[in-house]
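Please read the structure below before turning to the comments.
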There are 2 protein chains.
Amino acid sequence: MRASDKAYATLREDIIEWRLAPGTVLAEVEQSERLGVSRTPVREALSRLSAEGLTTAAGGRGVVVTDISLDDIDEMFELRETLEGKAAALAAERGERTVFEQLHAALLRAPELISESDPARHEYYALVGRLDEAIDSAISNSYLAQAMRSLRVHLVRVRRLAADDSQRLNAAALEHAAIAEAIASGNAKLAEAATTLHLHRSLSHVKATHSPH
Amino acid sequence: MRASDKAYATLREDIIEWRLAPGTVLAEVEQSERLGVSRTPVREALSRLSAEGLTTAAGGRGVVVTDISLDDIDEMFELRETLEGKAAALAAERGERTVFEQLHAALLRAPELISESDPARHEYYALVGRLDEAIDSAISNSYLAQAMRSLRVHLVRVRRLAADDSQRLNAAALEHAAIAEAIASGNAKLAEAATTLHLHRSLSHVKATHSPH
DNA sequence: GGCAAGATCTATGTATACACAGGCGGAGAA
DNA sequence: TTCTCCGCCTGTGTATACATAGATCTTGCC
């Protein structure tokens, strides 16, 4: 693994997991010492992070970790609804039925994954990730897929901000199952509607459980 | 101006204007000599271009200029319709009426700009650019605006591919005027419809006038 | 004669030295 | 005592030397 990849992965993880608080200044020398690599790969990592929007270049004084405000969350979900709604509709038109039927079945069994004593809910989020990937691949549109991927980075940060109570996760799993079912049935309108519903519930939950800064 | 900015701007322009053909390998040393800067700023420039999708890292063999296929154009317009349709609707709801009334009036006078003997149609494209900026600013959604900006880079490349005949430009100006008018009237549905119409016409024109590779 | 393996070469990946700019602190004068 | 100016110092911006990996070409063997 290249040193710049390692630096990028570490910093990205630290930001997403909120170990690096918004506003934190990431100086090149400081980070290069912390990560045990030289300034060059750190520079590249910081440049990639800034391109993604996780950090912002603060003219002359290094880069700082980007903040997420309540308004940002509203904006993100507004874009997310647009992109994922369209994606679900396209997936219903173009996707392979069997793939989404299997995901639907797996999502109905999701409560088993959530009730287990896995605090990070790794298996559950991996399953939801598989649904995302299946949609990405079904839509046959790399530009749309790319736009959703860029947005997801920020959404993971928001997810970490919200409470992962099992009640909400069980409900969310059912909503995801509904999306998968609608796509499997080939009904574009229904898939879009199921996505809209899920996103509105998610946003409400985030805003209800957390009162950011 | 920083050397890396200069390298980035030059390479970006060369790619967009098709002076660097798709598939061209951009070696770091070669470009650093051509641009008169060292490898470090060239690396940063290439990394930024790859993040935008104008170049692709070709494992071990430098970066190559990205190609645009007919399928790519379809995909780009599919995403564009989703994003700009939503943006037009939001602008109608949230924008300031007077701004778009002025743009509407200016766009109705666009034929004057096009008939002049300006082969690059600078003034016309600047006016359309002002409409884009007005929408970006009216929607009050930086994530959506960012997604549209990333896409526009690629769209400019496509525009250069298509024939800029004045007949199409005059029609496009009227379509843009209709969008501005709909936004000014505050009618979200109408603004979205006008955008959809314009994009379909644009896509048809691109596909009709050009038979890429 | 063809295929495979190794050496060489060329390109990127990394480290580091140097240049330079912007900010902060201290000192001097009003 | 306060304001201003100068110098230092810390940070990024750039250049370059060195490490390393992958590809290609050559040579030897089958």
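Proteins come first, then strands; the chains are lettered A, B, ... in the order of their sequence lines, and each starts at number 1.
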Round to a whole Å and report the spacing from [atom1] of [X] to [atom2] of [N].
X	N	atom1	atom2	value
Leu35(B)	dA15(D)	CG	P	11 Å
Leu26(B)	dA11(C)	CG	P	13 Å
Arg2(A)	dA21(D)	CZ	C1'	12 Å
Tyr8(A)	dG13(C)	OH	P	16 Å
Gln31(A)	dT12(D)	CD	P	10 Å
Asp5(A)	dT12(C)	CG	C1'	13 Å
Glu28(A)	dA17(C)	CD	P	16 Å

So, with a heavy-atom separation below 4.0 Å from DNA chain C, the residues of residues 43-54 of chain B are Arg43(B)

Distance-only polar pair, side chains of [X] and [Y], donor-acceptor under 3.5 Å:
X	Y	answer
Thr209(A)	Arg168(A)	no
Glu52(B)	Ser150(B)	no
His205(B)	Asp165(B)	yes
Thr56(B)	Thr66(B)	yes

**Prompt:** Are any of Thr40(B)'s side-chain N or O atoms less than 4.0 Å away from OP1 or OP2 of dT14(D)?
**Reply:** no

Using only side-chain N and O atoms of Ser4(B), determine if any of them is under 4.0 Å from OP1 or OP2 of dT14(D).
yes

Scan the side chains in residues 126-135 of chain B for donor-acceptor partners under 3.5 Å anywhere in the protein, sequence neighbours excluded, and list what turns up.
none

For this session: Would you indicate whether Glu96(A), at its atom CD, is surrounded by more than 12 heavy atoms from other residues, nucleotides or ligands within a distance under 6.0 Å?
Result: no

Original post:
What about the rings of Phe77(B) and His200(B), do their centers lie closer together than 6.0 Å?
Top reply: no

Taking five pairs at each terminus, the helix from dG1(C)-dC30(D) to dA30(C)-dT1(D) shows an axis bend, to 10°, of 0°

Looking only at dA15(C), dT12(C), dA15(D), the nucleotide nearest the Ala27(B) side chain is dT12(C)

Closest of dT14(C), dT14(D), dG11(D) to the Pro41(B) side chain is dT14(D)

**Asked** Does the dG11(D) base have a donor-acceptor partner in the side chain of Arg39(A) within less than 3.5 Å?
**Response** no

Requested in this report: Could you tell me whether the side chain of Asp67(A) and the main chain of Pro22(A) form a donor-acceptor pair under 3.5 Å?
Outcome: no

| said: On the six-membered ring of Tyr8(B), is Arg2(B) placed so that its NZ or CZ lies under 6.0 angstrom from the centre and within 45° of the ring axis? | reply: no

